[in-house]
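Naming convention: chains lettered A, B, ... in sequence-line order (proteins, then strands); numbering from 1 in each chain.
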2 protein chains.
Amino acid sequence: MTSKTKAPGADLPLNQILAGDCIDVMNSLPAGSVDLIFADPPYNLQLKGDLHRPDNSKVDAVDDHWDQFSSFAVYDDFTKAWLKAAKRLLKPNGAIWVIGSYHNVFRLGAELQNQGYWLLNDVVWRKSNPMPNFKGKRLTNAHETLIWASRDESAKYTFNYEALKALNDGIQMRSDWVLPICTGHERLKDSNGDKAHPTQKPESLLHRILIATTNPGDVVLDPFFGTGTTGAVAKMLGRDFIGIEREEAYRTVAEARLARVRKFDASALEITGSKRSEPRVPFGQVVERGMLRPGEELYSVGNRYMAKVRADGTLVGNDVKGSIHQVGAAYERAPSCNGWTYWHFKRDGKMIPIDILRQQIRAEMEADHARPN
Amino acid sequence: MTSKTKAPGADLPLNQILAGDCIDVMNSLPAGSVDLIFADPPYNLQLKGDLHRPDNSKVDAVDDHWDQFSSFAVYDDFTKAWLKAAKRLLKPNGAIWVIGSYHNVFRLGAELQNQGYWLLNDVVWRKSNPMPNFKGKRLTNAHETLIWASRDESAKYTFNYEALKALNDGIQMRSDWVLPICTGHERLKDSNGDKAHPTQKPESLLHRILIATTNPGDVVLDPFFGTGTTGAVAKMLGRDFIGIEREEAYRTVAEARLARVRKFDASALEITGSKRSEPRVPFGQVVERGMLRPGEELYSVGNRYMAKVRADGTLVGNDVKGSIHQVGAAYERAPSCNGWTYWHFKRDGKMIPIDILRQQIRAEMEADHARPN
DNA sequence: TGTGGAATTGAATCTGGAT
DNA sequence: GATCCAGATTCAATTCCAC
């Protein structure tokens, strides 16, 4: 382990996991010594009873003691304190990433602003495989929010624009990132075979963050280190890290994990490869976008049947309601039907298949993806 | 314009644009009279003199000298005031949507929580055609954030789950919505041919919001009405609206726009409903009507368990007696069980779920209800 | 060893009406 | 307000297991 010429404090405990409360530990480190902070603080979930899936299995909820706060005021005090300690540690051109859900992220963002951090972007992690909403009472909670902020308005923060553009097939990176949640072999297990940490983040997320906003040799601090995803990716990418973790069980898992990591593991670079396939277009989008109006009549192939569009993107015909596919199948007494090619709308006396509209939407998406700059 | 019997205040100024400051106007309206609020508040922190404290005290100009902290405080005062006025207007089961970007949305969300609104989801509007980032210094700002919250934790808010699922081709709607920004003929122009409003929202966004969280006849308030997207979509979808707008120029454009809008057919506004709203059928009715006889045997899913029907509509199995749900739950050692789909009876050697019998009874009730007297 | 179907699982503020 | 209880409710990815 070499001391860094860039670092003001040569005594910086690099590439280690420090035990203890993150505020105390941060305050013990030299000011202005860290390039980037990644922080995944407790979300302050306020869960009531148990939640069961439709098959009656029980959801393994986040009920850990470290996520319990008695009020927003207590949570805000905690947030104020660690953000203040974090700011002191940042170099003048340093930056921070925080991640949260709607339970806590508004409080994080507001306090960042209050303390004079300068918000650069909010970034949405769109989960490709989120947990569904089992009770049908809300929207599927399919994303988390990250906030990227520099130490203050004058900071000359690091942003590797071209590297991110390259990661995104040559198109500039947007503020919404589609990445899968952490599952499979990447998900660390404890000795019982249960998940070692309830909220382990995927390496692909940290990979993108570190590629975007650090350079090799930078010092990355994670005050809520958990099972050490930040440290693992930092090590792979040739960045130095400092982890802080209060729970001994997490530290143990993280130490073992870090020992297994190899620097510049080429496979890490392939994690975020983009998949190109024809995107699914729900018929409802055609209605929402006003390409067809609720009440408008659609006609079947051969003009034998008619059905009307409803505001929720279903069709209603004679005694039949349902999707474009279901109503088509019912009329034809067929087990299935491709509604996109079956149904037509009239324009200037001509019958036009609704698939034209889907192609228009796809063309827009394609044009957007291919737009230069 | 008809007065609504549902509304507590028959003097509610429905389907109009009210001129004036939104806080003053909201405070002049009767409490508990609005089903849904959609709010797109200004997020300009440069405060071009258009924000003032609730007590109307003059705010020191911030355009001459950037003072971040005082400007946040002023913005927070403004947010507090209008959210408080909004909460007073909501019916007990009412809800609110607010939209913002990273400049203001964290302050909005935190204040919603502070005031006791109950956050239901944060929703990401993922723009399919955002403005690119020209300088290459940050990520393309390709989304805005909406927050959906009920008036308080106990509110029985409206959520048309099945309709949204239909809009999304049969898969439950997620918290990230991909919709294009408002362009083309939908984008309103002023007499110079310039865009009439800098942040006109697409009708598709309001369509989804109103389908999701209102029913026909509901009262929707927009305190920052602008060019009236909320009113236009509300009118199309058979909802009543109240708009508040301070700027005469926007009111003029909105009035003209609303005059052009036509309501959709009633049949087109019918949406896919929830099973919860179907009438409850006691299992005892199945026995009373002779569809199953006392003593008849029912078999569980997978044919593993058996129970006998008793004359009072309960079941008796091995050491278990009770409702179809209770006996099913006991056999499965599950916290609950839907007996209607769990139990099957035999006819001609085939296993048929007893839910078929419930559907027959419901169909009879339907036919009976529809029969003219 | 391959393949197809069943089982498992993930940061969750996840019911509602009658009594 | 607390309690009881009918009965409605899931998507994608991975792993496990039977054959």
For [N] and [M], measure between their [atom1] atoms and round to the nearest Å.
N	M	atom1	result
C/dG10	D/dG7	C1'	25 Å
D/dC5	C/dA12	P	30 Å
C/dT1	D/dC19	C1'	12 Å
C/dG16	D/dT10	P	15 Å
C/dT13	D/dA13	C1'	26 Å
D/dA8	C/dA18	P	15 Å

Are [X] and [Y] close enough that their ring centres sit under 6.0 Å apart?
X	Y	answer
B/W148	B/Y157	yes
B/W125	B/W177	no
A/W66	A/H197	yes

Which residues satisfy the side-chain hydrogen bond (donor to acceptor under 3.5 Å, both in side chains) test with A/R246, sequence neighbours excluded?
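Applying side-chain hydrogen bond (donor to acceptor under 3.5 Å, both in side chains) to A/R246 gives none.
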According to side-chain hydrogen bond (donor to acceptor under 3.5 Å, both in side chains), who are the partners of A/T140, at least two apart in sequence or on a separate chain?
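Only B/Q172 meet the side-chain hydrogen bond (donor to acceptor under 3.5 Å, both in side chains) criterion with A/T140.
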With sequence neighbours excluded, tell me which residues meet side-chain contact (heavy atoms from CB on, under 4.5 Å) with [X].
X	result
A/Q326	A/S323
B/A163	A/D312, B/N160, B/I211, B/I271
B/V301	B/Y342, B/H344

Is it the case that the side chain of A/N129 and the backbone of A/I181 share a donor-acceptor pair, with hydrogens and angles ignored and the cut-off at 3.5 Å?
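The answer is yes, because a donor-acceptor pair under 3.5 Å joins these two groups.
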Going 5' to 3' through nucleotides 14-19 of chain D, assign each nucleotide B (protein heavy atom under 4.0 Å from a base atom), S (under 4.0 Å only from sugar-phosphate atoms) or - (no protein heavy atom that close).
SS----
Charged N to carboxylate O under 4.0 angstrom, B/R208 versus A/E288?
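Looking at A/E288 together with B/R208, the answer is yes, because their closest N to O distance falls below 4.0 Å.
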Basic-acidic side-chain contact under 4.0 Å: A/R257, A/E203
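Yes, A/R257 and A/E203 are salt-bridged.
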Which residue pairs pass the salt bridge (charged side-chain N to carboxylate O under 4.0 Å, His left out) test when at least one of the two sits in residues 161-176 of chain B, sequence neighbours left out?
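Pairs touching residues 161-176 of chain B that pass the test: A/R126-B/D176, A/R280-B/D169, B/R174-B/D176.
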For nucleotides 17-19 of chain C, list the nitrogen or oxygen atoms of the protein found under 3.5 Å from its nitrogen or oxygen atoms, one pair per line.
none

Under 3.5 Å, N/O pairs linking protein and nucleotides 2-7 of chain D:
residue	atom	partner	partner atom	Å
D/dA6	OP2	B/S323	OG	3.0
D/dA6	O3'	B/R280	NH1	3.4
D/dG7	OP2	B/H325	NE2	2.5
D/dG7	OP2	B/W340	NE1	2.8
D/dG7	O3'	B/N338	ND2	3.4

Can you spot which of A/I99, A/D40, A/T229 makes a side chain to side chain contact (heavy atoms under 4.5 Å, CB included) with A/L205?
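Exactly one pass, corresponding to A/I99.
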Below 4.0 Å: OP1/OP2 of C/dA11 and any side-chain N or O of A/K195
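Checking A/K195 against C/dA11: no side-chain N or O falls below 4.0 Å of OP1 or OP2.
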OP1 or OP2 of C/dA11 less than 4.0 angstrom from a side-chain nitrogen or oxygen of A/N104, does that happen here?
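For C/dA11, OP1/OP2 do not have a side-chain N/O of A/N104 under 4.0 Å.
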Cation-pi check for A/Y75 against A/R107: NZ or CZ below 6.0 Å from the six-membered ring centre and within 45 degrees of the axis, yes or no?
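Ring-cation test returns no.
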Selected nucleotide, minimal atom distance to A/L47 side chain, candidates C/dA11, D/dC11, C/dT13:
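The listed nucleotide nearest to A/L47's side chain is C/dT13.
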Looking only at side-chain atoms of A/T199, point me to the closest of C/dG10, D/dT10, C/dA11.
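Of all the options, the side chain of A/T199 is nearest to C/dA11.
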Expected output check: what is the dot-bracket annotation of DNA chain C, where ( ) and [ ] are pairs inside the strand (brackets for crossing ones), | is paired with another strand, and pairs are Watson-Crick or G-U under 3.5 Å?
.|||||||||....|||||
Please give, in whole Å, the distance from C/dC14 P to A/N56 CG?
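Going from A/N56 (CG) to C/dC14 (P), I get 18 Å.
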Considering only heavy atoms, which members of residues 123-133 of chain A lie under 4.0 Å from some atom of DNA chain D?
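Nucleic-acid contacts, sorted: A/S128, A/N129, A/P130, A/P132, A/N133.
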With the threshold set at under 4.0 Å for non-hydrogen atoms, list the residues of residues 284-291 of chain B touching DNA chain D in residue-number order.
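The stretch gives none, as no residue of it lies under 4.0 Å from the strand.
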Flag the pair B/Y305 / B/E332 as yes when at least one side-chain heavy-atom distance between them is below 4.5 Å, and no otherwise.
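B/Y305 vs B/E332: side chains touch.
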For B/Q115 and B/E111, which I'm curious about, is there any donor-acceptor pair between the side chains at under 3.5 Å?
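On atom types as modelled, these side chains qualify, holding a pair under 3.5 Å.
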Which is true for B/I171 with a 4.0 Å heavy-atom rule: it touches a base, it touches only sugar-phosphate, or it touches nothing?
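Sugar-phosphate, no base atom in range.
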